[in-house]
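Here is the structure we will look at.
The residues of the chain are indexed from 1 along the displayed sequence.
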Amino acid sequence: HLADADLDAIFAYLQAYRPVDHAVDNVNAPTACPVCGGTHPLGEYNRVRPAAEMPYAASDWADAAGTYHLADDVRITIGRRGSRLTMQVNDEAACDLVATAGDRFVCEDVDERLDEIEFVREGGRVTRLIDNGADVARRVR
C-alpha cells in the first residue's frame, strides 16, 4: 500500500549503492557466505575480494584532512601519518587509508560500516565523503 512516490524513493536509494559480486538464488541448499556473513543458497561460491591498492601521494589529498559527520553518533576524522592518509571513526584506533581507484579509499581495520569511502570535491576542495556509495558525511571542520 505504498504510494508511487515512496516506491520511487526506495528504488532510487537502492540504486545509489554500488553493485556487489554476490551470488544468491532460491533453488540450492543454503551454505555459509563469507561476503555477507549469512547463510543462503550459493553462499560457498562468494569470495571476499581484497581491493587492489593504488599508489597515491598524501599531499594530493591534504585538503581531505578534517572531521566529517556521517550521522549524529558517527564522527570520521581524516588525518595524515607520514606519506599516508589515516581514518579514525569516533574514538577507535586510526588506520591507514588504501587507495583503490581515483578518489576511493578503503580502511579495513575500522568500523565495518565503512568498507569504502569516496572523497567529493566541490570548487577544487574536498567538502564531503561518501560511505559505500550511498551515505554522505559532511565536512564540519
Side-chain angles (χ1 to χ4, degrees), residues 1-28 30-141:
H1 299 294
L2 290 173
D4 286 347
D6 293 334
L7 292 171
D8 289 343
I10 292 169
F11 184 74
Y13 176 78
L14 292 174
Q15 284 206 309
Y17 282 91
R18 288 188 190 92
V20 296
D21 185 12
H22 192 182
V24 179
D25 77 4
N26 61 355
V27 176
N28 296 296
T31 55
C33 176
V35 173
C36 68
T39 302
H40 56 76
L42 302 181
E44 77 271 19
Y45 294 107
N46 294 310
R47 298 285 176 265
V48 176
R49 292 177 178 85
E53 184 173 349
M54 296 177 57
Y56 72 95
S59 58
D60 293 343
W61 292 98
D63 63 329
T67 303
Y68 302 78
H69 280 183
L70 181 61
D72 289 338
D73 61 339
V74 180
R75 182 184 71 253
I76 302 168
T77 303
I78 304 296
R80 204 168 148 184
R81 183 182 316 157
S83 62
R84 302 295 290 250
L85 290 177
T86 62
M87 180 173 73
Q88 180 179 13
V89 178
N90 293 335
D91 296 322
E92 298 292 323
C95 72
D96 291 343
L97 286 174
V98 175
T100 59
D103 51 5
R104 295 184 190 154
F105 294 80
V106 294
C107 189
E108 298 170 337
D109 296 338
V110 178
D111 192 326
E112 292 176 6
R113 293 177 294 171
L114 297 167
D115 296 328
E116 179 182 68
I117 61 170
E118 177 180 351
F119 292 111
V120 177
R121 291 183 186 273
E122 292 175 348
R125 181 175 160 84
V126 175
T127 59
R128 63 186 186 272
L129 61 82
I130 300 175
D131 165 39
N132 289 326
D135 299 319
V136 176
R138 299 258 177 231
R139 185 180 185 143
V140 293
R141 58 183 146 144

[X] vs [Y] side-chain heavy atoms within contact, under 4.5 Å:
X    : Y    : result
R128 : R138 : yes
R84  : V98  : yes
N28  : Y45  : no
Y56  : L85  : yes
D91  : R75  : yes
T127 : R139 : no
I10  : L2   : yes

Side-chain donor/acceptor of Q88 to backbone N/O of E92, under 3.5 Å: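 Looks like yes, one N/O pair under 3.5 Å.
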Starting at CG of D103, measure out to CG of D60 and round the result to the nearest 0.5 Å.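 Rounded to the nearest 0.5 Å, the CG-CG separation comes out at 12.5 Å.
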When rounded to the nearest 0.5 angstrom, what distance separates CD1 in I130 from CZ in R104?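 Answer rounded to 0.5 Å: 9.0 Å.
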Looking only at heavy atoms, which two atoms of [X] and [Y] are closest? And how far apart?
X   : Y    : answer
G43 : P34  : O-CD, 3.6 Å
V27 : D25  : N-OD1, 3.2 Å
A94 : T86  : CB-CB, 4.4 Å
D63 : G124 : OD2-O, 3.8 Å

Using 30° and 60° as the class boundaries, would you call the ring planes of F119 and Y68 parallel, tilted or perpendicular?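 Rings of F119 and Y68: tilted, 30 to 60°.
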Among L70, I76, I78, find the residue that satisfies the side chain to side chain contact (heavy atoms under 4.5 Å, CB included) test when tested with I117.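 Only one of L70, I76, I78 forms a side chain to side chain contact (heavy atoms under 4.5 Å, CB included) with I117, namely I78.
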Could you go through T77 and T67, starting from their C-alpha distance and side-chain angles, then the distance that decides it, and tell me whether this counts as side-chain contact (heavy atoms from CB on, under 4.5 Å)? CA-CA 4 Å; T77 303; T67 303; 4.1 Å; yes
For D4, is the CG atom crowded, meaning more than 12 foreign heavy atoms sit under 6.0 Å from it?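 Atom CG in D4 is not packed in, count stays at 12 or less.
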